[in-house]
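This structure is a prediction, so every number in the text was calculated from the model and none was measured.
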Amino acid sequence: MNRLKGFGLLALGFMTFGLFLGTGNIIFPPSAGMAGGELVWHAALGFLLTGVGLPLLTVVALARVGGGMDRLTAPLGKVAGTGLAVAVYLAIGPLFAT
């Protein structure tokens with residue numbers, strides 16, 4: 001296992017920050033707060049759970065298994081894991097846009 005030091009750790013931190021900070025995370029929270037009205041704290045909690053909690057949980061899960069999607073879905077088997085990966089990639093990409 002390689003341990004990061006100095007510049008490598010700093011670069012990984014900035015890359016992870018850049019990965020999760022997109023336009024949706026800048027525009028969506030104020031718009032969700034306005035739409036929430038009196039329930040602004042419920043909207044903020046929902047955004048924190050889905051916009052921060054789920055990506056963080058994904059990074060932790062991938063770090064625990066020590067790899068990518070193939071290692072994460074290894075208990076499902078190769079065919080089911082590939083099918084799940086294809087379904088997820090399609091859902092967050094072309095199917096969502098359609």
Side-chain angles (χ1 to χ4, degrees):
M1 178 173 168
N2 296 334
R3 298 202 52 94
L4 295 175
K5 295 180 183 168
F7 182 73
L9 187 61
L10 184 67
L12 182 63
F14 277 121
M15 283 187 275
T16 305
F17 177 76
L19 177 70
F20 293 128
L21 182 69
T23 305
N25 288 349
I26 294 172
I27 295 172
F28 183 68
S31 127
M34 285 179 48
E38 293 180 6
L39 301 175
V40 68
W41 293 111
H42 291 98
L45 180 63
F47 177 76
L48 285 175
L49 286 175
T50 59
V52 176
L54 290 177
L56 185 62
L57 184 65
T58 303
V59 169
V60 169
L62 289 172
R64 296 246 357 220
V65 297
M69 192 69 159
D70 56 338
R71 298 282 301 267
L72 189 63
T73 59
L76 297 175
K78 194 166 186 82
V79 174
T82 302
L84 177 65
V86 168
V88 167
Y89 293 149
L90 286 174
I92 62 175
L95 296 179
F96 183 73
T98 302

Identify all side-chain donor-acceptor contacts of residues 47-66 below 3.5 Å with residues at least two apart in sequence or on another chain.
{"unit_1": "Thr50", "atom_1": "OG1", "unit_2": "Gly46", "atom_2": "O", "d": "2.9"}
{"unit_1": "Thr58", "atom_1": "OG1", "unit_2": "Leu54", "atom_2": "O", "d": "2.9"}

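- Apart from Phe14 itself, the hydrophobic cluster it occupies contains Leu10, where clustering links Ile, Leu, Val, Met, Phe, Trp and Tyr at side-chain heavy-atom distances under 4.5 Å.
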Using a 3.5 Å cut-off and no angle test, enumerate the donor-acceptor pairs between side-chain atoms of residues 77-92 and protein atoms at least two apart in sequence or in another chain.
{"unit_1": "Thr82", "atom_1": "OG1", "unit_2": "Lys78", "atom_2": "O", "d": "2.8"}

